[in-house]
Amino acid sequence: MRQDIHTIEDIKILVDTFYSKVQIDELIGGIFMGTIRDWPTHLEKMYRFWSTILLDAQTYRGQPFLPHSSMPVEQKHFDRWLGYWHETVDEFFSGNVAEEAKFRGALMSRIFLSKIKQIQNKEWETLGLK
């Protein structure tokens, strides 16, 4: 029986497994591999981010959207990202925090995509193409 997410070790399993899938994906892997230069540092940041979100650890400080704001992504990229996120959560965990992880991932993907579209639309308008 799968347990819920309770510890930083659980977060590390989730994050490490998720990113191992993302890195080799034909649609989104290149975006991540081309953007993230220092994987150990990125993973540590993701451990702190998800620990803050899911375990109320208050270990993450930052603006998570900024690094994503200029990425060449659209709905299909977020759909793939979210599919891997849900798959990985379900692979290892079950319970309220696991469901919260899936909810938060879905919410974050919607917000990030909406903001990216706004930025892209403003850029098109600036160029007089919209």
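The first residue of the sequence shown is numbered 1, and numbering continues consecutively from there. For the numbers below, each heavy atom of this structure counts, side chains included, while hydrogens, waters and symmetry mates do not.
A donor-acceptor distance shorter than 3.5 angstrom exists from the side chain of Asp10 to the backbone of Thr7, with no hydrogens or angles considered. Put simply, the side chain of His77 gets close to the backbone of Glu74: a donor and an acceptor are under 3.5 Å apart. Within the 3.5 Å criterion, the main-chain N or O of Arg110 finds no donor-acceptor partner in the side chain of Ser114. Between the Thr17 side chain and the Leu14 main chain, no donor and acceptor come within less than 3.5 Å of each other.
With sequence neighbours excluded, no residue forms a salt bridge (charged side-chain N to carboxylate O under 4.0 Å, His left out) with Asp79. By the ring-ring contact (aromatic ring centres under 6.0 Å, His included) test, Phe93 pairs with no residue at all, sequence neighbours left out.
Nearest heavy-atom pair, Ala101 versus Val89, reported as atom, atom and distance to 0.1 Å: CB-CG2, 4.1 Å. Considering every non-hydrogen atom in both Lys21 and Thr88, the closest pair reads NZ-OG1, 3.1 Å. Nearest heavy-atom pair across Lys102 and Asp90 is NZ-OD1, 2.8 Å. Smallest separation of non-hydrogen atoms from Ser51 and Ile11: OG-CG1, 3.7 Å.
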Quiz item: Yes or no on side-chain contact (heavy atoms from CB on, under 4.5 Å) for Phe32 and Trp81, after CA distance, side-chain angles and deciding distance?
Solution: CA-CA 11 Å; Phe32 280 89; Trp81 181 94; 3.7 Å; yes

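For the salt bridge (charged side-chain N to carboxylate O under 4.0 Å, His left out) condition, the pairs that include at least one residue of residues 24-39, sequence neighbours left out, are Asp25-Arg80.
Electrostatic pairing of Arg2 and Glu91 does not count as a salt bridge here, judged by no charged N lying under 4.0 Å from a carboxylate O. Taking 4.0 Å as the cut-off between side-chain N and carboxylate O, Glu9 and Lys12 do not count as a salt-bridged pair.
At a threshold of 4.5 Å between non-hydrogen side-chain atoms, the residues Ile36 and Trp39 count as touching. Two residues are said to be in side-chain contact when any heavy atoms from C-beta on lie closer than 4.5 Å; Phe92 and Phe18 fail this criterion.
For the side-chain contact (heavy atoms from CB on, under 4.5 Å) test with Ile5, the passing option among Leu54, Ile13, Asn96 is Leu54; the others fail. When the options Tyr19, Phe78, Trp50 are evaluated for a ring pair (Phe, Tyr, Trp, His ring centres under 6.0 Å) with Trp85, the one that passes is Trp50.
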